[in-house]
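Residue numbers start from 1 in every chain, and the chains themselves are labelled A, B, ... in the order their sequence lines are given, proteins ahead of strands.
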Number of protein chains: 2
Amino acid sequence: MALKKGYAAQDCSLARTLELVGERWTMLVIRDAFYGVRRYSDFLAHLDIPRAVLSTRLRTLTESGVMERRRYEQSPPRDEYVLTEKGRRLWSALFALLMWGQEFTTGGATVRRRYVHAACGHELEAGGGCQSCERPAVPPEDIEVHPGPAAEGPTARHDPVSRALSKPHRLLQPLET
Amino acid sequence: MALKKGYAAQDCSLARTLELVGERWTMLVIRDAFYGVRRYSDFLAHLDIPRAVLSTRLRTLTESGVMERRRYEQSPPRDEYVLTEKGRRLWSALFALLMWGQEFTTGGATVRRRYVHAACGHELEAGGGCQSCERPAVPPEDIEVHPGPAAEGPTARHDPVSRALSKPHRLLQPLET
DNA sequence: CTCGCCGGTTCATTGAACGAACTAACTGAT
DNA sequence: ATCAGTTAGTTCGTTCAATGAACCGGCGAG
């Protein structure tokens, strides 16, 4: 972040966390990575983020070990960005924010996406666990995103990522775009 | 936030959440509120935040219903800022970020604060629950902050809030400063 | 060889953060 | 009554980051 002082001076684990993932756009990039977005152009189209900011964020996340950049094609050279274990462990925090938003910030609107325990088909509860399986915390690999009641409609987006997510999709698996 | 476009355009609950609590400093203000900080000057001294930014954040949080401003003294007129129910519900997200930071961002350093289930005295696990009580999610009212191994030392702060937190303290209870 | 795509970088403009200084309301001590 | 001190801000000039449009280089296809 490199502001004059940065709040890293706090020597507090929350402050250090926010230095890494608390900047504008960063959490949305990570959310998309959980959805299976891996390519620069897909992040760009789905987030409507300025190119320069996306480049900066991907570099920061890569340098701090939250994401990993890897070559998946030699010619033409193409890289993809995927979450590392460190990054995948952000799921519980991300999900908690997501659920809070669904409860408190939807102005009468209904839910756009539902999160389902793939093993049993039940929707996750707010704590990130599965009630019917009595699992306290379902890991992201076992979760599917399903389109919710508000997925279609006047506010729907039409980028490749949004279209790919109109079908149920396993978290962290690459999206077909 | 009122940037040109804001990412509220995403019509996604995470984006809306971050519009409210994703700005620089905001989460640290909320964390301090959980610690029991209520007065302008205490936020200021503990966070080393510019006064103008603190004013803006407290206004935004108040307007969005995350915190409430209330008169606790008539003369001289003094207001305090306390979390509403909406704000208190951010605990699980905040705690998840905190634990992630403790695991991944402490560069060999040790923990500054520990979070203890007041009813049984056991430290909370990373998911926010209490292992020994088999409670899946301990609410903040039942949690105490204890100074951790790194509370003292060369990096220790000397503001009133940090001093008050050198003793165990129940979350959300006002700090004696 | 040229066209277009992908994954960036560069640049001018705008907006936000920073920190120091200033203000307003009040209290308590001299 | 005056004066210093505390609290809770606002104001303002400077610095830094976000935005969006334009530009660029590698490459493959036609």
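Minimum atom distance to the side chain of B:P77 is reached by C:dC26, of the listed C:dC26, C:dA17, D:dT19. Closest to the side chain of A:R24, out of D:dG20, D:dA18, C:dC18, is D:dA18. Of the candidates C:dG8, C:dC18, D:dG9, the closest approach to any side-chain atom of B:R69 belongs to D:dG9. Nearest nucleotide to the side chain of B:Y40, out of D:dT10, D:dT19, D:dC27: D:dT10. Listed nucleotides D:dT10, D:dG20, C:dC18 differ in distance to B:P50; the shortest reach to its side chain belongs to C:dC18. Looking at the side chain of A:W25, the nearest of the listed nucleotides D:dG26, D:dA8, D:dA18 is D:dA18. The A:P76 side chain lies nearest to D:dC27 when the options are C:dA17, D:dC27, C:dG7.
A:R135 meets the salt bridge (charged side-chain N to carboxylate O under 4.0 Å, His left out) test with A:D142; sequence neighbours excluded.
Separation of atoms CG (B:D42) and NE2 (B:H46) is listed at 9.5 Å; rounding is to 0.5 Å.
Using a 4.0 Å heavy-atom criterion, one finds that B:S75 contacts the sugar-phosphate atoms exclusively. As judged by a 4.0 angstrom heavy-atom cut-off over every strand, A:S41 is placed among residues touching the sugar-phosphate backbone only. Across all strands, B:F43 comes closer than 4.0 Å to no nucleic acid atom at all (heavy-atom distances).
For B:E80 and B:R70, the salt-bridge test passes: some basic side-chain N is under 4.0 Å from an acidic carboxylate O.
Looking at which nucleotide of DNA chain D each of B:R59 and A:T56 is closest to, the 5′-most match is held by B:R59.
At whole-Å resolution of the value, CG in A:D42 and P in C:dC5 are 15 Å apart. Across the protein-nucleic acid pair, A:R78 atom CZ and D:dG25 atom P stand 17 Å apart, rounded to whole Å. Between the CG atom of A:L47 and the P atom of C:dG7 there is a distance of 15 Å, given to the nearest Å. As a whole-Å value, the separation of A:D79 CG from C:dG8 P is 7 Å. D:dT10 atom C1' lies 13 Å from atom CG of B:L54, rounded to whole Å. The CD1 atom of B:I49 sits 13 Å away from the C1' atom of C:dA16 (whole-angstrom rounding). Atom pair A:E23:CD and D:dT19:P shows a separation of 12 Å (rounding to whole Å applied). Remark: P of D:dA21 and CG of A:L44 are 12 Å apart, rounded to the nearest angstrom.
Using a 3.5 Å distance cut-off with no hydrogens or angles, the side chains of B:R57 and B:T26 do pair a donor with an acceptor.
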A:R16 vs A:E19, test: salt bridge (Lys or Arg N to Asp or Glu O under 4.0 Å). Steps then yes/no. CA-CA 5 Å; A:R16 278 191 304 269; A:E19 286 283 340; over 6 Å; no
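Between B:S55 and D:dG9 there is no side-chain polar atom (N or O) within less than 4.0 angstrom of OP1 or OP2. Close to D:dT7, at under 4.0 Å from its OP1 or OP2, lies no side-chain N or O of B:R51.
The closest side-chain heavy-atom distance from B:V29 to B:L61 is below 4.5 Å.
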